[in-house]
Amino acid sequence: MTTYTLETLKNFNYNSSYDSEHRITATDLEKANKWVKLIENTRNDDAPQVGDIVEFTSKYGDWYENAHIDDIDENELEIMERPSVLWVSVSEDGIFYTPGTSGSGSNYIPSKLKLIGKRKKVFKDWGYCGPTGNGAFFFEAVVNVWEYQERELEFTTKTHNKFYLDVAEEASEYGYKYFITDSNSYRTAFKTFEEYQDWLKTFKGVERESTGFYTKLIWTFKQDLKRVPLEEYLTIEGIVGAHKGYGSVEECKRVIKDTTIITYVPIHSSNNKGIA
């Protein structure tokens with residue numbers, strides 16, 4: 001069982017406004033350890049409990065690593081897909097969890113799930129000063145982690161990136177015709193079919209039919225961009241290519257690890273403008 005000391009609780013709240021404005025006290029320590037004990041003692045390895053985590057994959061392939069079980073109703077669970085840090089309090093039925101100010105999509109899933117492990121989860125409660133500006137402190141407790149996938153899928157966002165392709169009938173004012181949009185509504189554009197195909201090939205992209213507004217659904221390997229010092233860049237063994245940034249093209253090296261493609265771009269010092 002997790003047990004905090006005054007020092008470890010302060011360290012956990014080191015970057016929070018609470019400790020800098022109000023300071024962690026022995027009262028906060030007592031409350032944190034009571035919460036940890038209550039949360040961890042109310043877990044059940046045979047059945048999901050409110051407050052547990054679900055690694056949830058929707059029927060559209062969207063993977064949520066830390067979905068929160070918000071309610072249990074007979075044979076059904078209500079989960080929050082992207083919960084913020086949860087407030088904790090005691091209710092008649094046990095522990096009550098309330099999300100913070102940020103929103104989260106909800107979903108309903110069966111209550112019979114596969115237990116895949118345990119994980120620390122962050123919670124918060126008002127400190128000794130009560131409800132006030134930056135008056136909440138944070139702590140962790142271990143909860144059970146369950147797994148549920150709505151249906152069998154070819155690809156999911158656990159291992160791949162998902163994009164939508166839109167092909168305009170007429171090129172834009174600046175000549176762009178092929179537009180790809182990710183799940184965060186970030187858009188990338190290409191002027192020609194060849195440019196789009198080059199991007200698709202580079203990141204092992206696969207086109208699938210789209211059921212919505214877009215022309216195609218696209219799955220690619222995960223993409224990770226890392227800028228490293230030139231000296232480190234020169235030692236990397238990878239596929240030399242071109243990274244297109246905002247209005248510029250830079251040499252890069254790409255390394256494939258499982259289903260992730262890491263693009264390394266060198267950071268040049270003022271005394272070294274090119275790559276030997």
Side-chain angles (χ1 to χ4, degrees), residues 1-45 47-58 62-72 77-91 93-107 109 111 113-148 157-158 183-184:
M1 180 175 294
T2 307
T3 303
Y4 282 100
T5 65
L6 196 60
E7 182 179 2
T8 59
L9 189 60
K10 283 183 177 181
N11 288 339
F12 190 71
N13 286 269
Y14 178 76
N15 291 321
S16 74
S17 299
Y18 179 80
D19 189 46
S20 61
E21 290 189 24
H22 306 288
R23 301 299 180 188
I24 295 289
T25 68
T27 301
D28 301 323
L29 175 64
E30 181 181 4
K31 179 183 280 190
N33 283 326
K34 282 184 177 180
W35 271 129
V36 171
K37 183 178 180 180
L38 181 58
I39 292 170
E40 295 186 355
N41 283 345
T42 52
R43 301 306 98 188
N44 184 343
D45 290 354
Q49 302 296 306
V50 172
D52 281 349
I53 291 170
V54 178
E55 289 197 9
F56 169 65
T57 306
S58 76
D62 298 306
W63 178 67
Y64 302 94
E65 185 178 8
N66 294 296
H68 161 74
I69 298 178
D70 191 51
D71 193 18
I72 300 175
L77 305 176
E78 181 180 4
I79 62 172
M80 294 167 30
E81 296 165 349
R82 291 191 181 97
S84 54
V85 176
L86 299 162
W87 294 92
V88 287
S89 58
V90 175
S91 67
D93 299 328
I95 308 171
F96 182 72
Y97 305 89
T98 307
T101 55
S102 61
S104 171
S106 63
N107 219 311
I109 64 174
S111 60
L113 303 181
K114 176 184 177 183
L115 179 66
I116 60 173
K118 297 177 183 293
R119 187 182 302 160
K120 288 183 177 180
K121 183 173 181 176
V122 180
F123 301 91
K124 63 182 177 181
D125 193 8
W126 294 115
Y128 72 92
C129 52
T132 187
N134 297 318
F137 71 93
F138 301 85
F139 61 92
E140 286 182 318
V142 176
V143 300
N144 284 334
V145 182
W146 308 82
E147 184 179 51
Y148 181 70
T157 57
K158 181 177 182 179
S183 57
N184 295 315

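The analysis underlying the following values was restricted to heavy atoms, covering all of them including side chains, and did not include hydrogens, waters or symmetry mates.
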Identify the heavy atoms of Lys31 and Gly127 that sit nearest to each other, and give their distance. NZ-O, 4.4 Å

Rounded to the nearest 0.5 angstrom, the OH-OG distance for Tyr148 and Ser111 is 10.5 Å

Minimum heavy-atom separation for Ser17 and Asn134, please, with both atom names. CB-CG, 3.5 Å

Say whether, by atom type as modelled, one donor and one acceptor occur between the side chain of Lys121 and the main chain of Gly51 under 3.5 angstrom. yes

Give me the atom names and distance for the closest heavy-atom approach of Pro83 to Ala67. CD-CA, 4.4 Å

Can you find a side-chain donor-acceptor pair between Asn144 and Gln49 that sits under 3.5 Å? no

To the closest 0.5 Å, what do you measure between OG (Ser58) and CD1 (Ile109)? 11.5 Å

Worked verdict on Glu7 versus Asn11 for side-chain contact (heavy atoms from CB on, under 4.5 Å): CA-CA 6 Å; Glu7 182 179 2; Asn11 288 339; 3.8 Å; yes

For the residue pair Trp87 and Trp126, does the interplanar ring angle fall in the parallel (under 30°), tilted (30 to 60°) or perpendicular (over 60°) class? tilted

Donor-acceptor under 3.5 Å (His68 side chain, Ser84 main chain): no

Those residues that, when tested against Glu78, pass side-chain contact (heavy atoms from CB on, under 4.5 Å) (two or more places apart): Asp70, Asp71, Ser106, Tyr108

Are Tyr128 and His22 close enough, and set up right, to give a side-chain contact (heavy atoms from CB on, under 4.5 Å), and what steps lead you there? CA-CA 9 Å; Tyr128 72 92; His22 306 288; 3.9 Å; yes

Could you please spell out the steps behind the side-chain contact (heavy atoms from CB on, under 4.5 Å) verdict for Leu6 and Ile24? CA-CA 8 Å; Leu6 196 60; Ile24 295 289; 3.9 Å; yes

With rounding to the nearest 0.5 angstrom, report the CD1 to CH2 distance, Ile53 to Trp146. 12.5 Å

How about Val143 and Ile39: do any of their side-chain heavy atoms sit closer than 4.5 Å? yes

Counting N and O atoms only, with roles assigned by atom type, does the side chain of Asp19 sit under 3.5 Å from a partner on the main chain of Tyr14, one being a donor and the other an acceptor? no

Between CG of Asp52 and CG of Asp45, what distance do you get to the nearest 0.5 Å? 9.0 Å

Out of curiosity, Thr57 OG1 to Glu65 CD, how far, rounded to the nearest 0.5 Å? 10.5 Å

Would you sort out whether Phe139 and Trp35 count as a side-chain contact (heavy atoms from CB on, under 4.5 Å), showing the intermediate values? CA-CA 9 Å; Phe139 61 92; Trp35 271 129; 3.5 Å; yes

Does some side-chain heavy atom of Phe56 sit less than 4.5 Å from a side-chain heavy atom of Leu77? no

Starting at CG of Asn66, measure out to CD1 of Ile79 and round the result to the nearest 0.5 Å. 11.5 Å

Between Tyr18 and Asp28: side-chain donor-acceptor atoms closer than 3.5 Å: yes

Mark yes or no for whether Thr8, through its side chain, and Tyr4, through its backbone, hold a donor-acceptor pair below 3.5 Å. no

Looking at Glu147, is its backbone amide N or carbonyl O close enough to the side chain of Glu55 to form a donor-acceptor pair, meaning the two atoms are under 3.5 Å apart? no

